[in-house]
There are 2 protein chains.
Amino acid sequence: MQGFAKKVEAKSLVDAVTERLEEAIIGGELAPGERIREQTLAASLGVSRGPLREAIRRLEGRRLLDRKINFGVRVAELSPQKLDDLLTVREALEGIACRIAADRMSDAEIDEMRRLLDGHAEQREVRSGEGYYVESSDFDFHSRIAASTQNELLTSMVTGDLYDLLRVYRYKSSTMAGRAAQALEEHRAILDALAARDPELAEQSMRTHIRNARKHAKLALEKAAAAAPAAE
Amino acid sequence: MQGFAKKVEAKSLVDAVTERLEEAIIGGELAPGERIREQTLAASLGVSRGPLREAIRRLEGRRLLDRKINFGVRVAELSPQKLDDLLTVREALEGIACRIAADRMSDAEIDEMRRLLDGHAEQREVRSGEGYYVESSDFDFHSRIAASTQNELLTSMVTGDLYDLLRVYRYKSSTMAGRAAQALEEHRAILDALAARDPELAEQSMRTHIRNARKHAKLALEKAAAAAPAAE
DNA sequence: TTAGTGTAAATTGTTGACACTTTATCGTAT
DNA sequence: ATACGATAAAGTGTCAACAATTTACACTAA
């Protein structure tokens, strides 16, 4: 048996189409509320309607698409309420993940997290105190904590389904802008609690972090809604 | 417009097949790990493979089915670890739901919950202190709390996807047996916290309740595994 | 004008057939 | 006997056509 670093996994058309659609929705190529015509989309993707419909069923389950019988498929609508709901769910899940991480994360992993945050501190967006926290950096921090729980369900929710949903909002609106510096401080507080092996404090720090993000997003969206009251 | 109490909603074959499969998996008609042949199953359901495959894609997302490319579909395997993971996630979600409920549930709803629990106390299984809490009663209690949050995402996770997953374990093993009396007491403690409008206590009571269920299930499954070590 | 009706076009719902992959079986050579 | 390879069978992956439903539009009547 030869050892390859990364095995090339066979993919079906359904897998490929699912990923492509996911990307299109998150990246805004397909706008929220936009109707999808199966024939048209299938043709433009170069596949038949079969695999496309299967991919759509999957994305329905992830709440990225919405199908009404005998009418068709729409890209999920966004709303401040839905984002608030989503972040409430994330607060609960990431909170308990962080609690568990305080027990299970190894010293080496904690050291590496420390270096990670030091790297983030060098980023332009964070130093200026404005702008976004670089998305991949933020994801890295949160996903390491989730992964350390060794809870496959919890991890896949936080880094998978629920993360995709969050990214839709990240792209469409500047829900997270101007919070980079504070977010880094909160990340540091979380890491300190992990390093102290304090589950209670770890959970509370993470919950505070996400609650703050939620409040910030709420304000940003309300301000945006006031500026352009037409768009529902 | 004439008023009908309940509108008959149009259902596609995919919807019907999804529900039927869900029922079959939860009820044990399809055993964990069992392989599904599309042609055979489609024929026995009286539909073609198209709608069946779409239904399967949905249930994949709910972790009730598992597909390996070019091999086929299997009913999800169970394991003590997976149940533990699931109950950890539920602890987090129902915990925060209960916290929110302490603020949002109306006095009338709380009164009704009280009557609900008084009814449960009369049930044979609870009075004897052994046996299961009647499933629909338990579901009713938990789902009212979730619904009162008015958080659609949270509610649908707790009463939908994650509940179906839990039911698979409920059916296959007596994970919840012999805890009826204690569960009722815990339900009462939760309701007291809600009535007192104490969010912190409400969350803690719910988390304790689910954590106890998790520990109980863990012991039950380990005992079962010790008795029949062959079954993985 | 407006409401209502009926037809045509567009779109989704469903099916059966074909292509490709994997697995099982049998035969052959060592 | 065992390992290897070819072949057949079974099952999944994909597609294109047909059926059913909804929507758009024109036409008619009050």
Side-chain angles (χ1 to χ4, degrees), chain A residues 1-2 4 7-22 24-25 29-77, chain B residues 1-2 4 7-22 24-25 29-77:
Chain A
M1 182 72 177
Q2 298 172 42
F4 286 95
K7 53 179 97 167
V8 210
E9 54 203 56
K11 259 187 207 165
S12 65
L13 278 186
V14 179
D15 292 330
V17 169
T18 304
E19 286 179 21
R20 182 71 192 82
L21 280 182
E22 206 178 317
I25 295 168
E29 267 174 272
L30 292 172
E34 181 175 343
R35 179 169 178 186
I36 285 178
R37 262 85 166 206
E38 293 181 4
Q39 303 225 49
T40 315
L41 183 54
S44 81
L45 290 172
V47 300
S48 69
R49 285 174 60 221
L52 173 59
R53 284 178 61 96
E54 289 183 32
I56 288 172
R57 293 296 184 187
R58 274 197 185 158
L59 294 174
E60 270 181 75
R62 295 193 203 165
R63 299 163 194 279
L64 291 174
L65 293 176
D66 210 3
R67 161 167 254 139
K68 270 198 306 210
I69 186 136
N70 284 329
F71 171 76
V73 178
R74 285 188 180 285
V75 179
E77 301 269 5
Chain B
M1 182 70 176
Q2 300 172 43
F4 287 94
K7 52 178 96 165
V8 215
E9 53 204 57
K11 259 187 207 169
S12 63
L13 279 186
V14 179
D15 292 330
V17 169
T18 304
E19 285 179 20
R20 183 68 191 83
L21 280 182
E22 206 177 317
I25 295 169
E29 266 173 275
L30 292 172
E34 181 175 345
R35 179 170 179 186
I36 286 178
R37 264 89 166 197
E38 294 182 3
Q39 304 223 50
T40 314
L41 183 55
S44 81
L45 289 172
V47 300
S48 67
R49 284 175 59 219
L52 172 60
R53 284 180 61 96
E54 289 183 33
I56 288 172
R57 293 295 184 187
R58 274 195 182 161
L59 295 174
E60 269 180 78
R62 294 193 204 164
R63 298 162 197 280
L64 290 174
L65 293 177
D66 209 4
R67 160 167 255 139
K68 272 199 305 209
I69 186 140
N70 285 326
F71 172 75
V73 179
R74 285 187 180 285
V75 179
E77 300 270 5

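Below, chains carry the letters A, B, ... as their sequence lines are ordered, and counting in each starts from 1.
In this structure, CZ in A/Arg35 is found 13.0 Å from CG in A/Asp66, a value given to the nearest 0.5 Å. Here the CG atom belonging to A/Leu64 is positioned 5.0 Å from the CD1 atom belonging to A/Ile25, to the nearest 0.5 angstrom.
At a threshold of 4.0 angstrom between heavy atoms, the contacts of B/Ile36 are confined to the sugar-phosphate backbone, with no base atom among them. Residue A/Gly72 is classed as a sugar-phosphate contact, given heavy-atom separations below 4.0 Å to backbone atoms only.
Between A/Phe71 atom CZ and D/dA24 atom C1' the separation is 13 Å, expressed in whole Å. One interatomic measurement links the two molecules: CZ of A/Arg67 to C1' of C/dT12, which rounds to 7 Å at whole-angstrom precision. Per the geometry, CD belonging to B/Glu38 stands 17 Å off P belonging to D/dA10, to the nearest Å. The interatomic distance linking B/Glu54 (CD) with D/dG13 (P) rounds to 14 Å, in whole Å. Note: CG (A/Leu13) to P (C/dT21) measures 12 Å, nearest angstrom. For the pair B/Gln39 CD and D/dG11 C1', the computed distance is 7 Å after rounding to whole Å. Taking atom CG of A/Leu41 as the reference point, atom C1' of C/dT11 lies 14 Å away to the nearest angstrom. If you measure from atom CG of B/Asn70 to atom C1' of D/dT14, you get 12 Å, rounded to the nearest angstrom.
With B/Val75 as the fixed residue, the side-chain contact (heavy atoms from CB on, under 4.5 Å) test singles out one of B/Leu21, B/Leu30, B/Leu59: B/Leu30.
Close to D/dG11, at under 4.0 Å from its OP1 or OP2, lies no side-chain N or O of B/Arg49. In this structure, A/Arg53 reaches the C/dG13 phosphate: one of its side-chain N or O atoms is under 4.0 Å from OP1 or OP2.
Listed nucleotides: C/dT14, D/dG13, D/dG11. Nearest to the side chain of B/Pro51: C/dT14.
For B/Arg35 and D/dG11, a side-chain-to-base donor-acceptor distance below 3.5 Å is absent, hydrogens and geometry of angles not being considered.
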Test side chain to side chain contact (heavy atoms under 4.5 Å, CB included) applied to A/Glu22 and A/Arg58, step by step: CA-CA 10 Å; A/Glu22 206 178 317; A/Arg58 274 197 185 158; over 6 Å; no
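Looking at A/Ser12 and A/Asp15, their side chains do bring a donor and an acceptor atom within 3.5 Å of each other.
With the nearest nucleotide of DNA chain D identified for both A/Gly46 and B/Arg37, B/Arg37 has the one nearer the 5' end.
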